[in-house]
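One structure is given here, and the rest of the page talks about it.
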Amino acid sequence: MLENLGEFKRDFYCGDLTEANIGEEVRLVGWADSVRDHGGVIFINLRDREGIVQIVIDPSKSPKEAYEKAKKVRSEYVLAVRGRVNKRPEGTENPKLKTGNIEVEVDQLKILNTCDILPFPIEDGIQVSEEVRLKYRFLDIRRPSMFQNLLIRHEVYQATREFLVGNGFMEVETPMLTKSTPEGARDFLVPSRLEKGKFYALPQSPQLFKQILMVAGIDRYFQIVKCFRDEDLRKDRQPEFTQIDFEMSFVDEEDVMAITEGLVQHIFKKVLGIDIKLPIKRITYQEAMEKYGTDKPDLRFGLELKDITDIAKEVDFKVFRTVAEEGGLVKGINIKGGAKLSRKEIDELTEFAQKLGAKGMAWIKINEDGSLNSPIVKFFTDEQINKLIERMEGEKGDLLVFIADKPEITYKVLGHLRNHIAQKMGLIPEGKWEFVWVVDFPLLEWDEEENRLVALHHPFTSPKEEDIQKLDEAIENKDIALQFKSRAYDLVLNGEEIAGGSIRIHRPDIQKKIFQLIGITDEEAEERFGFLINALKYGAPPHGGLAFGLDRLVALMRGTESIREVIAFPKTQKGICPLTEAPDFVDKSQLEELGIEVEIPENEG
RNA sequence: GGAGCCGUAGUUCAGCUUGGCCCAGAACGCCGGCCUGUCACGCCGGAGGUCGCGGGUUCGAAUCCCGUCGGCUCCGCCA
């Protein structure tokens with residue numbers, strides 16, 4: 001039954017046929033999207049990546065051979081068709097199809113391939129488990145919305161190259177087999193056959209190479225590049241992901257941010273036809289934390305955090321007062337119109353807060369008649385309550401919620417609560433693109449577990465110029481170091497971090513001091529980053545750059561929750577590819593060649 | 001490492017709380033027949049299940065208990 005393509009050549013994509021083609025003899029190829037056999041006339045919707053066109057096999061008009069073959073066609077059979085484009089008979093037009101006014105009357109039909117029973121229909125809006133979709137990704141991608149996801153992604157690549165090349169950037173590839181570096185995420189390791197016992201690491205980012213390219217005088221580098229981090233997965237995190245990575249020499253923050261803004265504007269205009277207004281607003285890290293409880297604030301809605309620690313110090317409510325007196329933070333959110341929430345809904349918010357580490361959530365409901373409902377007001381004097389409500393800008397119909405805890409917890413819980421409430425109350429407007437730069441990050445933070453300072457961004461980020469003079473002092477006194485600000489900047493879109501970068505350290509003496517600050521000894525620094533320090537010694541220009549999380553950017557542009565939707569072959573939460581079933585065991589001989597022995601835990605394998 | 005939700009025909013799900021009426025049922029899909037203008041074609045008939053896996057409780061388990069595997073979401077982690 002199956003035939004070869006032979007000399008057959010396609011003239012058009014199915015979806016590209018229009019009424020202008022009426023009367024033409026055309027050759028089409030594609031998949032049988034649906035088959036409607038009336039016993040006499042047979043209709044087949046033929047689909048390719050550009051769309052669908054109806055083909056008609058009428059026993060009174062089409063050759064008998066074509067008709068007999070058409071009877072055998074099932075969903076997703078691969079067909080080659082020759083026929084005449086006709087205007088559809090009056091009254092049989094289908095407005096749902098772009099090609100709904102025409103059809104192709106078949107005079108030759110080839111069945112090029114058959115198709116097994118489908119695990120799910122090839123159409124948008126299906127309800128199928130993601131696991132099944134990933135296993136049959138080749139079918140999943142036949143669905144128009146998935147095709148569109150990959151197409152938009154492709155267009156983002158093109159727009160990126162167009163803009164960056166137009167601005168003098170040069171694409172340079174950096175190695176995938178490289179050196180493991182401490183700090184940062186867990187590395188994926190690749191054993192070396194020629195140097196037994198040694199390992200390459202897959203790059204977490206091209207960071208060090210792009211800096212070295214600046215030393216090499218490339219001046220403006222970019223790359224659309226895979227990066228690898230062996231950490232636990234999330235809907236916005238895959239073990240391999242793509243960055244738009246660039247770096248520039250002889251620049252400051254303003255230069256890098258200007259290029260970034262230009263790139264964003266170009267991508268949105270070119271791919272979505274949307275005008276992004278520049279410049280993008282900026283807020284400091286400190287302001288972001290104080291107002292939004294996070295360094296990636298979603299500015300599409302209000303619900304700003306208000307500090308009431310000073311009031312809390314004076315009240316009889318122990319939970320507030322103790323926290324306030326012991327250096328903690330008491331902050332609240334005014335949920336406008338939240339008084340309509342039921343006790344059960346408030347309890348759910350409390351539960352949400354507790355899951356994130358809060359001990360509890362205090363709340364005050366301001367009823368429409370002005371009376372208060374709250375488990376905590378009894379601990380307050382009237383004066384204190386009034387002060388509190390005034391601070392919170394509370395009005396009739398509002399619900400005030402409060403978290404009192406260590407600053408990290410208060411910020412984290414309220415930051416999450418803020419997003420949660422906005423979503424729950426439907427406060428997030430559709431179609432809004434709220435970009436914001438977050439700047440003036442701390443250079444370092446204290447790592448409780450390792451009992452040392454660690455870089456917030458990465459250890460190659462330059463401190464602010466005024467802090468560089470205090471480096472020696474800071475090495476003696478970590479409190480000074482914790483005051484340092486970095487020359488880093490993050491770009492946030494609708495509450496998601498989509499890009500981040502910094503001005504780097506280009507002087508070896510400063511780089512060494514930073515390593516010293518974060519507890520990396522000279523020997524360690526030499527062993528792990530010696531090549532960078534060495535390069536900095538040979539006329540490294542001042543430089544800085546930035547990297548976009550391309551997957552997140554495309555996911556936002558497509559309005560999908562998970563980056564898996566915009567990656568052709570993503571992995572599950574356990575890092576498994578359901579399509580290939582990677583990772584998998586390898587032959588013993590392969591391991592022997594690498595000089596590797598594997599211990600398999602008992603309950604596995 | 002931890003928490004929550006989920007796992008039953010090809011697919012999506014019902015049944016599980018309160019074990020027996022379930023050698024498990026629906027829809028879509030699939031197969032066969034009929035049907036000459038449909039486009040979610042229609043009508044008639046049919047096939048299809050290790051109830052994720054293992055163990056336990058019980059006269060009896062899809063249902064209760066324990067363990068385990070997998071999927072998703074979240075915390076930790078992700079410079």
Side-chain angles (χ1 to χ4, degrees), chain A residues 33-46 52-62 67 74-76 86 88-97 99-100 103 105 115-123 125-136 139 181-187 204-205 207-208 227-239 241 351-352 354-358 409 412-413 416 420 441 443-445 447-449 453-461 486 488 497 500 502 514 518 520 547 549 561-562 564 571-574 576 578 603-604:
Chain A
D33 191 68
S34 65
V35 184
R36 295 174 297 282
D37 182 347
H38 287 257
V41 66
I42 298 170
F43 300 99
I44 297 173
N45 280 359
L46 193 65
I52 289 173
V53 69
Q54 171 166 283
I55 64 171
V56 190
I57 304 96
D58 188 327
S60 67
K61 293 174 187 162
S62 299
Y67 179 71
R74 298 290 178 270
S75 284
E76 298 305 307
N86 289 336
R88 285 203 192 188
E90 183 117 17
T92 66
E93 299 87 354
N94 183 359
K96 288 182 201 158
L97 290 184
T99 62
E103 60 190 14
E105 188 186 308
C115 177
D116 277 0
I117 296 171
L118 296 165
F120 51 82
I122 311 300
E123 63 193 29
I126 52 168
Q127 286 203 331
V128 196
S129 74
E130 198 175 346
E131 200 182 359
V132 173
R133 287 177 52 207
L134 292 182
K135 183 172 176 188
Y136 296 93
L139 296 177
T181 50
E183 297 286 302
R186 197 175 293 114
D187 284 321
Q204 294 178 27
S205 81
Q207 181 61 36
L208 299 177
C227 303
F228 306 86
R229 292 176 194 176
D230 189 6
E231 296 294 347
D232 286 358
L233 281 64
R234 292 281 193 282
K235 65 180 176 190
D236 62 350
R237 270 163 39 188
Q238 283 273 304
F241 60 99
E351 207 179 308
F352 180 89
Q354 283 171 332
K355 274 185 196 156
L356 289 163
I409 302 278
K412 177 178 147 194
V413 172
H416 280 90
H420 181 73
F441 280 85
L443 182 72
L444 304 159
E445 62 186 343
D447 187 318
E448 290 286 349
E449 253 172 57
L453 291 167
V454 293
L456 194 76
H457 194 61
H458 58 55
F460 319 107
T461 301
S486 76
E497 184 195 326
S502 62
I514 293 292
I518 60 175
I520 296 180
E561 275 283 305
S562 159
R564 294 186 299 271
K571 294 178 175 58
T572 67
Q573 201 159 47
K574 282 263 162 71
I576 289 163
N603 55 355
E604 288 171 36

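Just so you know, these numbers use all the heavy atoms, side chains as well, and skip hydrogens, waters and symmetry mates. A note on names: the letters A, B, ... follow the listed sequences, proteins ahead of strands, and every chain is numbered from 1.
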Self-check item: Integer angstrom distance from the C1' of B:G20 to that of B:A62
Solution: 13 Å
Exercise. Report yes if at least one side-chain N or O of A:K412 is closer than 4.0 Å to OP1 or OP2 of B:C75; otherwise report no.
Key: no
Practice problem: Determine the interplanar angle of the A:H420 and A:F352 rings, folded into 0 to 90°, and report it as parallel if under 30°, tilted if 30 to 60°, perpendicular if over 60°. | Solution: parallel
Quiz item: Using atom P of each nucleotide, how far apart are B:C31 and B:G15 to the nearest Å?
Solution: 31 Å
Quiz prompt | Partner nucleotide of B:C53 by Watson-Crick or wobble geometry (both distances under 3.5 Å) | solution = B:G67
Practice problem: Output the single nucleotide from B:C77, B:G37, B:C31 whose closest atom is nearest the side chain of A:P89. | Solution: B:G37
Self-check item: Same-atom distance (C1') from B:C13 to B:A24, integer angstrom
Solution: 13 Å
Quiz item: Given the C1' atoms of B:A40 and B:G1, what is the spacing between them in whole Å?
Solution: 48 Å
Quiz item: Which base, if any, makes a Watson-Crick or G-U wobble pair with B:C39, both distances under 3.5 Å?
Solution: none
Quiz prompt | Candidates B:G70, B:G37, B:C77 - which lies nearest the side chain of A:E131 | solution = B:G70
Exercise. Name the closest nucleotide to the A:L356 side chain, picking from B:U73, B:C75, B:G10.
Key: B:C75
Quiz item: From B:C31, B:U12, B:G71, pick the nucleotide closest to the side chain of A:K574?
Solution: B:G71
Self-check item: N/O (side chain, A:R74) to phosphate O (OP1/OP2, B:C31) under 4.0 Å
Solution: yes
Quiz item: What nucleotide among B:G37, B:C39, B:G71 has an atom nearest to a side-chain atom of A:K61?
Solution: B:G37
Exercise. Tell me what A:D116 touches on the nucleic acid: a base, only sugar-phosphate, or nothing, going by heavy atoms under 4.0 Å.
Key: nothing
Quiz item: Ignoring hydrogens and angles, are the base of B:U38 and the side chain of A:Q54 linked by a donor-acceptor pair under 3.5 Å?
Solution: yes
Quiz item: For B:A62, which nucleotide in any strand shown is its Watson-Crick or wobble partner with both distances under 3.5 Å?
Solution: none
Practice problem: Just name whichever nucleotide pairs with B:A9, Watson-Crick or G-U, keeping both distances under 3.5 Å, else none. | Solution: none
Practice problem: Look at the side-chain N and O atoms of A:R133 and state whether any lies under 4.0 Å from the OP1 or OP2 oxygen of B:C72. | Solution: no
Practice problem: Tell which nucleotide pairs with B:C72, taking only Watson-Crick or G-U wobble pairs whose two distances are both under 3.5 angstrom. | Solution: B:G4
Quiz item: Are the ring of A:F120 and the base ring of B:U11 both nearer than 5.5 Å at their centres and tilted by less than 30°?
Solution: no
Self-check item: Complement of B:U18, any strand, by Watson-Crick or G-U distances under 3.5 angstrom
Solution: none
Quiz item: What string of B, S and - do you get for nucleotides 40-51 of chain B, 5' to 3', if B is base contact, S is sugar-phosphate-only contact and - is no contact with any protein heavy atom under 4.0 Å?
Solution: SB----------
Quiz prompt | Rounded distance in Å - NE2 (A:H416) to C1' (B:U73) | solution = 12 Å
